[in-house]
Novice: 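Okay, handing you the structure first.
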Amino acid sequence: MNCNASETKKFETEITVNGNRYTLEREREIILFRIIQEILNNALKHSQAQHLNVHLEYSPENFSVTVSDDGIGFDISVIKNADLDQSGSGLRNISRRIELIGGNCELVSKIGKGTTINLHINRLIENKEQNSIS
């Protein structure tokens, strides 16, 4: 696929990391990667943002990822009440996936103010997906 500058959206991006880094279970890391990939894809497609911030927080008991943008934002209630074929399937997938790995998701969006998604994973709780497979 060819891509030219007019098709590529550019963000000023800041990535910050706090705490002593550690790994999560392999399955959790793969699912977390897919979740973050979906969040970034949504920002590229919909936010019209100029700035994108990604913050990773490593604490002894919890791992958190916060992704925020300064884009156009949206009305969360409209997305939550929409049919799957209309919109919001990506956000629903994010919520389902984070729950699979023992985490939770907080979404804050305000029209004209941007969107922030906080993912929290208790690293002491076993992966629900792994338990359901065993």
Side-chain angles (χ1 to χ4, degrees):
M1 177 174 108
N2 293 332
C3 184
N4 63 42
S6 65
E7 295 175 330
T8 305
K9 297 185 171 115
K10 294 184 182 180
F11 293 101
E12 182 177 312
T13 306
E14 181 179 355
I15 300 173
T16 57
V17 179
N18 287 337
N20 295 321
R21 295 179 189 179
Y22 50 76
T23 61
L24 300 169
E25 298 163 359
R26 185 180 185 321
E27 293 83 11
R28 281 178 147 183
E29 288 181 347
I30 291 169
I31 293 170
L32 186 60
F33 173 81
R34 296 291 182 212
I35 292 168
I36 295 169
Q37 187 177 41
E38 180 72 29
I39 292 168
L40 296 175
N41 188 46
N42 284 347
L44 281 169
K45 288 192 327 189
H46 305 294
S47 75
Q48 299 178 25
Q50 300 296 310
H51 301 90
L52 185 67
N53 297 306
V54 179
H55 177 75
L56 307 176
E57 181 75 36
Y58 292 87
S59 69
E61 295 178 5
N62 295 293
F63 175 74
S64 300
V65 178
T66 301
V67 180
S68 59
D69 67 57
D70 63 350
I72 60 172
F74 60 93
D75 184 340
I76 296 170
S77 65
V78 170
I79 300 299
K80 285 183 178 179
N81 295 324
D83 290 332
L84 278 177
D85 60 343
Q86 292 176 328
S87 66
S89 63
L91 293 173
R92 288 180 181 95
N93 286 338
I94 290 167
S95 293
R96 286 188 198 111
R97 286 177 176 173
I98 195 71
E99 288 174 6
L100 276 176
I101 59 175
N104 63 59
C105 175
E106 299 169 49
L107 172 64
V108 177
S109 188
K110 296 196 185 324
I111 295 174
K113 302 284 185 181
T115 301
T116 299
I117 298 178
N118 297 300
L119 306 172
H120 304 282
I121 300 171
N122 183 333
R123 72 183 279 227
L124 303 178
I125 294 176
E126 286 191 38
N127 183 352
K128 290 182 183 179
E129 182 177 80
Q130 182 177 336
N131 289 342
S132 66
I133 295 172
S134 303

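These numbers were taken from a predicted model, which means no experiment stands behind them. Worth knowing before you read on, the calculation uses all heavy atoms, side chains too, and leaves out hydrogens, waters and symmetry mates.
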Novice: List the residues meeting side chain to side chain contact (heavy atoms under 4.5 Å, CB included) with E29, not counting sequence neighbours, and say none if there are none.
Specialist: T23, L24
Novice: Are any side-chain N or O atoms of R97 and backbone N or O atoms of I31, one a donor and one an acceptor, separated by less than 3.5 Å?
Specialist: no
Novice: Taking side chain to side chain donor-acceptor pair (under 3.5 Å) as the definition, give me every residue that meets it alongside D70, ordered by chain and number, with sequence neighbours left out.
Specialist: H51
Novice: Counting neighbours of CZ on F33 that are heavy atoms of other residues, nucleotides or ligands and sit closer than 6.0 Å, is the number greater than 12?
Specialist: no
Novice: Under 3.5 Å, side chain of S109 to main-chain N/O of F74, donor-acceptor pair present?
Specialist: yes
Novice: So, taking the atom named OG in S47 and the one named CD1 in I72, what distance separates them when rounded to the nearest 0.5 Å?
Specialist: 7.5 Å
Novice: Who pairs with I15 by side chain to side chain contact (heavy atoms under 4.5 Å, CB included), at least two apart in sequence or on another chain?
Specialist: T13, V54
Novice: Distance from S64 atom OG to N122 atom CG, nearest 0.5 Å?
Specialist: 10.0 Å
Novice: What residue among N53, T116, L52 forms side-chain contact (heavy atoms from CB on, under 4.5 Å) with D69?
Specialist: L52
Novice: My understanding is that only residues two or more places apart in sequence, or in another chain, count here; which of them pass side chain to side chain contact (heavy atoms under 4.5 Å, CB included) with N42?
Specialist: E38, H46, L91, I94
Novice: I want to check something: taking the side chain as every heavy atom from C-beta on, are N62 and E57 in contact at a cut-off of under 4.5 Å?
Specialist: no
Novice: Between CG of D75 and NZ of K110, what distance do you get to the nearest 0.5 Å?
Specialist: 10.5 Å
Novice: Just wondering, do L44 and L40 contact through their side chains at under 4.5 Å, heavy atoms?
Specialist: no
Novice: Considering residues at least two apart in sequence or located in another chain, which fulfil the side chain to side chain donor-acceptor pair (under 3.5 Å) criterion with T66?
Specialist: N118
Novice: Among L32, I101, L107, find the one that has a side-chain contact (heavy atoms from CB on, under 4.5 Å) with L119.
Specialist: L32
Novice: Could you list the residues that satisfy side chain to side chain donor-acceptor pair (under 3.5 Å) with E106, not counting sequence neighbours?
Specialist: H120
Novice: Considering only heavy atoms from C-beta outward, does the side chain of R26 approach that of I30 to under 4.5 Å?
Specialist: yes
Novice: How close do G73 and T115 get, counting heavy atoms only, and between which atoms?
Specialist: CA-OG1, 3.8 Å
Novice: Can I35 be reached from V108 by stepping across I, L, V, M, F, W or Y side chains whose heavy atoms are under 4.5 Å apart?
Specialist: no
Novice: In Å and rounded to the nearest 0.5 Å, what is the CD to OG distance from E14 to S68?
Specialist: 9.0 Å
Novice: What's the separation between atom CZ in R28 and atom CD1 in I98, rounded to the nearest 0.5 Å?
Specialist: 8.5 Å
Novice: Under the rule for ring pair (Phe, Tyr, Trp, His ring centres under 6.0 Å), what residues qualify as partners of F63, not counting sequence neighbours?
Specialist: Y58
Novice: Can you name the side chain to side chain donor-acceptor pair (under 3.5 Å) partners of E61, sequence neighbours left out?
Specialist: none
